[in-house]
There are 2 protein chains.
Amino acid sequence: MSQHRQTRIQRRNSEAILEAALEVFSQQGFRGATLDQIAEVAGLSKPNLLYYFPSKEAIHVAVLSRLLDVWLDPLRAMNPDGEPVAEILGYVRRKLELSRDFPRESRLFANEILQGAPRMRAVIEGELRPLVMDKAAVLTRWMDEGRIARLHPVHLIFSIWALTQHYADFDVQVRAVLEGEDPYPAAAGYLEVLFRKLLAV
Amino acid sequence: MSQHRQTRIQRRNSEAILEAALEVFSQQGFRGATLDQIAEVAGLSKPNLLYYFPSKEAIHVAVLSRLLDVWLDPLRAMNPDGEPVAEILGYVRRKLELSRDFPRESRLFANEILQGAPRMRAVIEGELRPLVMDKAAVLTRWMDEGRIARLHPVHLIFSIWALTQHYADFDVQVRAVLEGEDPYPAAAGYLEVLFRKLLAV
DNA sequence: GGCCGGTTTGACCATCCGGTCAGCTTTGGT
DNA sequence: ACCAAAGCTGACCGGATGGTCAAACCGGCC
């Protein structure tokens, strides 16, 4: 029917596989995950997985590439024509919501970078770097216009990533220290204060 | 000869194994690492590894427990009787130096937390949490005395961890964006400015 | 009902990997 | 020099795991 002739069954099963793979890969890492586990979570048999994807590696790559777009959307959404502090705080808030609502995605991404990004280096250099450079230029312009404090723009972006992703990636540690208390309400308030002070001219 | 009768050979080989295990575990994760790889890096045979340690798991635990002390030392070194801003900036600086000089340790730790800390949860709850609580109390006192801005003390500590460890754990990403430029000089300056602004009353 | 392409699976294979063991070599004390 | 203990290793085992395949199954169309 459509240009990429994909049946209902294909769409449903591919989706189930990618969802299950995200669950298992983000918990166990690439090497720690087994096709049997993914098949079990997806409710399919192992050979059936390999009917839809040629290999374990292909599943991993598919999950990662689907992930990256969602992951970069908040940065893309930072509007060069908006009010600087509001735009940056909005970016921080959206990124923190991503950590809260999609911790598996965050951990899978962290895992991949930790291992040296063997399957993503090309994408990082080809897509992430230009985007960061573009947004860094916007930040620099805002600094030149005196609308936010002068800071290293790229490290400013790094600090947003670090502070927000920490709550997803180190969730176990955070909750252990906080004795299980939900960290997100306090984190949202803390980060807003932090960036307001940091950006004030 | 000594109370823990350990020969020169034992000390040398145990050391070589732990060093090799750190190298391999931090790059590949627990499941991704193999005894053969560790043996190769250590310059020993696989059965010889298992002459010194009873299992792969035991090696991993040994590496992790040696790690934790070094990792928490900078926080322990924060002096309750010192000048607040200097103490906190000193902590940030030491933690960033740890990321720069011991990135493998940072990544191994990150890996363990990412997987849900299966082999460290007890230590985190029994050692890290009390230490954080203790230092959080010191920070709260400084805030009460009006010597630093009032902030959530535990999230303040989290933000120090997040911002400093990011440079070790996401090294590949950081360097990809910066086109290979050494991030540490700029990071040190950026973080000092950030925390000075944040802590100013 | 019968056919056909897409879908599913049980059984199987080859490899990897943690761990064992019997016996060899080296070391150090006397 | 001798010997007992410490240190070391090649060969092997058993289970896990990614991947294959021939055969069975199933749903829509004539």
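These numbers come from the heavy atoms of this one structure, side chains and all, not from hydrogens, waters or symmetry mates. So that the names make sense, note that chain A is the first sequence line, chain B the second, and so on, each numbered from 1.
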Inset, instruction - For A:Q37 and for A:P47, locate the closest nucleotide of DNA chain D by heavy-atom distance; then report the residue assigned to the nucleotide nearer the 5' terminus. - result: A:Q37
Inset, instruction - Tell me which nucleotide among C:dG6, D:dT9, D:dG18 gets nearest to the side chain of A:Y51. - result: C:dG6
Inset, instruction - Just call it for A:L50: base, sugar-phosphate, or nothing, with non-hydrogen atoms closer than 4.0 Å on any strand. - result: base
Inset, instruction - Would you mind classifying the nucleic acid contact of B:R31 as base, sugar-phosphate or nothing, using non-hydrogen atoms under 4.0 angstrom? - result: sugar-phosphate
Legend entry - Residue whose closest nucleotide on DNA chain D lies nearer the 5' end, A:A33 versus B:K46: B:K46
Inset, instruction - Using atom types as modelled and distance alone, determine if a side-chain donor or acceptor of A:S14 lies under 3.5 Å from a backbone N or O of A:R11. - result: no
Inset, instruction - Provide, to the nearest angstrom, the distance between the CZ atom belonging to A:F25 and the P atom belonging to D:dT17. - result: 13 Å
Side-chain donor-acceptor distances from residues 60-68 of chain A under 3.5 Å, at least two apart:
residue, atom, partner, partner atom, Å
A:H60, ND1, A:R119, NE, 3.1
A:S65, OG, A:V61, O, 2.9
A:S65, OG, A:A62, O, 3.2
A:R66, NH1, A:E15, OE1, 3.0

Inset, instruction - Please state how far atom CG in B:L35 lies from atom P in C:dC17, giving the value in whole angstrom units. - result: 10 Å
Legend entry - Neighbour count >12 (heavy atoms, 6.0 Å) for atom CD, B:E97: yes
Legend entry - 5' precedence on DNA chain C between B:P54 and A:N13 (nearest-nucleotide basis): A:N13
Legend entry - For atom CG of A:D36 and atom C1' of C:dG10, their distance in whole Å: 13 Å
Inset, instruction - Scan residues 169-188 of chain A for pairs that pass side-chain hydrogen bond (donor to acceptor under 3.5 Å, both in side chains), counting only residues two or more places apart or in two chains. - result: A:S106-A:D169, A:D171-A:R175
Inset, instruction - Among the candidates D:dG18, C:dG28, C:dT8, find the nucleotide nearest to the side-chain atoms of A:K56. - result: D:dG18
Inset, instruction - Tell me, yes or no, whether the heavy-atom count around B:R8 atom CZ, taken from other residues, nucleotides or ligands under 6.0 Å, exceeds 12. - result: no
Inset, instruction - Consider the side chain of A:N48, meaning its heavy atoms from C-beta on, and name the nucleotide among D:dG19, D:dT9, C:dT8 that approaches it most closely. - result: C:dT8
Inset, instruction - Return no unless some side-chain N or O of A:Q10 is found under 4.0 Å from OP1 or OP2 of C:dT7. - result: yes
Inset, instruction - Nearest whole angstrom, please: distance from the P of D:dG18 to the NE2 of A:H60. - result: 13 Å
Inset, instruction - Take atom CZ of B:F30 and atom P of C:dC17, then tell me their distance rounded to the nearest Å. - result: 13 Å
Inset, instruction - Could you state the atom-to-atom distance from CD1 of A:I17 to P of D:dG19 in whole Å? - result: 13 Å
Inset, instruction - Calculate the interatomic distance between B:L49 atom CG and C:dC21 atom P; express it in whole Å. - result: 18 Å
Inset, instruction - Give the rounded distance in Å between these two atoms: CD1 of A:I38 and P of D:dG18. - result: 8 Å
Inset, instruction - Have a look at A:Y52 and say if it touches a base, only the backbone sugar-phosphate, or nothing, with a 4.0 Å heavy-atom cut-off. - result: sugar-phosphate
